[in-house]
Amino acid sequence: MDRVAKLASQKAVVIFSKSSCCMCHAIKRLFYDQGVSPAIYELDEDTRGKEMEWALLRLGCNPSVPAVFIGGKFVGSANTVMTLQLNGSLKKLLKDAGALWL
């Protein structure tokens, strides 16, 4: 849990992902298309990935990936991020976290 919290606070946007997950790919594309450069941690490529996956589940991220943190705070997984995008509040969160300047 400490490692997840530490990694999540190191950049304005952090995504915990798996390289084989199609929803993870879609969420990463969403951020890239908005000009955001998130830190991405591929759990299936990390030696401590399983440990981080359990920590994300304990945080309430189910399924465990994609798990998105903005400004060091857990935002949610794909459904939550897409809802924020559709209702227009994702851009404000990104600006407030310093991930977007415009």
Side-chain angles (χ1 to χ4, degrees):
M1 194 78 111
D2 291 339
R3 181 156 194 236
V4 168
K6 182 179 178 187
L7 293 172
S9 65
Q10 290 183 340
K11 200 161 180 186
V13 178
V14 175
I15 302 172
F16 291 91
S17 174
K18 286 187 179 177
S19 59
S20 60
C21 170
C22 63
M23 287 309 294
C24 294
H25 176 74
I27 293 299
K28 289 183 274 190
R29 281 278 17 122
L30 172 70
F31 284 101
Y32 288 136
D33 289 348
Q34 293 190 50
V36 174
S37 180
I40 297 173
Y41 297 98
E42 300 289 356
L43 300 184
D44 55 340
E45 297 174 359
D46 190 301
T47 56
R48 295 175 66 189
K50 269 293 185 210
E51 175 186 324
M52 289 190 287
E53 191 171 353
W54 280 106
L56 292 167
L57 286 168
R58 285 194 302 274
L59 271 174
C61 191
N62 192 9
S64 60
V65 293
V68 177
F69 290 78
I70 299 175
K73 296 181 180 126
F74 176 60
V75 173
S77 60
N79 286 341
T80 305
V81 172
M82 292 307 289
T83 300
L84 292 171
Q85 170 67 6
L86 292 172
N87 72 22
S89 55
L90 181 61
K91 197 160 277 214
K92 181 180 178 351
L93 283 175
L94 294 171
K95 285 180 185 175
D96 291 347
L100 283 179
W101 292 274
L102 300 173

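At a threshold of 4.5 Å between side-chain heavy atoms, the hydrophobic network of Ile, Leu, Val, Met, Phe, Trp and Tyr places Met23 and Val13 in two separate groups. Both Val36 and Tyr32 are members of a single hydrophobic cluster when ILVMFWY side chains are connected at heavy-atom separations under 4.5 Å.
For the residue pair Ser64 / Glu53, a side-chain donor-acceptor distance below 3.5 Å is found, with atom types taken as modelled.
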Exercise. How far apart are the C-alpha atoms of Arg58 and Val4, what are their side-chain angles, what is the distance that settles it, and do they pass the side chain to side chain contact (heavy atoms under 4.5 Å, CB included) test?
Worked result: CA-CA 11 Å; Arg58 285 194 302 274; Val4 168; over 6 Å; no

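For the pair Ile70 and Leu93, the tightest heavy-atom approach, listed with the atom from each and the gap, is CG2-O, 3.7 Å. Closest approach of Pro66 to Cys61, counting heavy atoms only: O-SG, 3.8 Å.
Under a 4.0 Å N-O distance rule, the pair Asp96/Lys73 does not qualify as a salt bridge.
Ring planes of Phe74 and Phe69: tilted class, angle from 30 to 60°.
Note that CG of Leu56 is 11.0 Å distant from CD of Glu51, once rounded to the nearest 0.5 Å. We find the OG-CD distance between Ser17 and Glu45 to be 8.5 Å, quoted to the nearest 0.5 Å.
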Name the atoms and distances for all side-chain donor-acceptor pairs under 3.5 Å in residues 78-85, with sequence neighbours left out.
from: Thr83; atom 1: OG1; to: Asn79; atom 2: O; distance (Å): 2.8
from: Gln85; atom 1: OE1; to: Gln34; atom 2: NE2; distance (Å): 3.0

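Under a 3.5 Å cut-off, the side chain of Asp44 and the backbone N or O of Lys18 do not form any donor-acceptor pair. Panel note: side chain Lys11, backbone Ser37; a donor-acceptor pair is recorded below 3.5 Å.
With sequence neighbours left out, Phe31 forms a ring-ring contact (aromatic ring centres under 6.0 Å, His included) with no residue at all.
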